Amino acid sequence: MKLIAATESALTPDTLEVANDADLAALAAEGAFEDVQRIDLNFPKFTDGRAFSQAVLLRRRFGFAGDIRATGDVLIDQLVQMARSGFTSAVLAPGVDPGAADRQFRRYAGFYQGDVQQPLPHFARLETA
């Protein structure tokens, strides 16, 4: 996952900001995801997890292959779950040490359950290896 300082986060013409209460199916039907390279999903509070669901839907149901960026109240404790849900980048709050975030990824490197990155559970991966 690419970690971005708050001062480096800027919108570009190929970026779409999606509110966490937006209807993704309606946006997809309108063609809102076409020609978009990055979708920003906002966490207004760290306790509001709707952006996790949106990221999973964007990857699995709508086949979005570009950058999904976490913005807003992003905690380093949630970065690993964000990556497992389909996020590929996150904007860190001012003063947050990216090294501390990197340690989270090293600490939690393997999982039994499947996720967006690796849909097969651990036991099924062993059988195919």
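Treat the numbers as computed from the prediction; the structure is a model and nothing was measured.
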Between I76 and A100, the two heavy atoms sitting closest are CD1-CB, 3.7 Å
The reported gap from CG in L58 to CZ in R60 (rounded to nearest 0.5 angstrom) is 12.5 Å
Check whether any side-chain N or O of S89 sits under 3.5 Å from a backbone N or O of L3 as a donor-acceptor pair, and report yes or no.
no
Counting only pairs under 3.5 Å, give me each side-chain donor-acceptor contact of residues 21-31, with atom names and distances, residues two or more places apart or in other chains.
residue, atom, partner, partner atom, Å
D23, OD1, A25, N, 3.1
D23, OD1, A26, N, 3.3

- Item | Main-chain N/O of G86 paired to R59 side chain as donor or acceptor, under 3.5 Å | yes
Which of L41, V74, I39 passes side chain to side chain contact (heavy atoms under 4.5 Å, CB included) with F87? Answer is L41
*asked:* For a 4.5 angstrom cut-off between non-hydrogen side-chain atoms, does R69 reach T71?
replied: yes
Q.
If hydrophobic clusters are built by linking Ile, Leu, Val, Met, Phe, Trp and Tyr wherever their side-chain heavy atoms come under 4.5 Å apart, do L16 and L57 end up in the same one?
A. yes
One should read off an interatomic distance between K2 NZ and T88 OG1, to the nearest 0.5 angstrom, of 9.5 Å
*Give a yes or no answer on whether the side chain of Q54 reaches the backbone of A19 with a donor-acceptor pair at less than 3.5 Å.*
yes
- Message: In this structure, would V18 and V36 fall into the same cluster of hydrophobic residues linked by side-chain contacts under 4.5 Å?
- Response: yes
F52 meets the ring pair (Phe, Tyr, Trp, His ring centres under 6.0 Å) criterion, sequence neighbours left out, with F43
Inset, instruction - Find out if a path of hydrophobic residues (ILVMFWY) with successive side-chain heavy-atom gaps under 4.5 Å connects F33 to I68. - result: yes
Quiz item: Where the side chain of Q78 meets the backbone of F46, is there a donor-acceptor pair that is under 3.5 Å apart?
Solution: yes
ask   = Side-chain contact, heavy-atom cut-off 4.5 Å: L92 with L79?
value = yes
Residue pairs meeting salt bridge (Lys or Arg N to Asp or Glu O under 4.0 Å), one or both in residues 42-55, sequence neighbours left out, come to D48-R50
Discussion item. Can you confirm whether D73 sits close enough to P44 that some side-chain heavy atom of one is under 4.5 Å from a side-chain heavy atom of the other?
Written reply: no
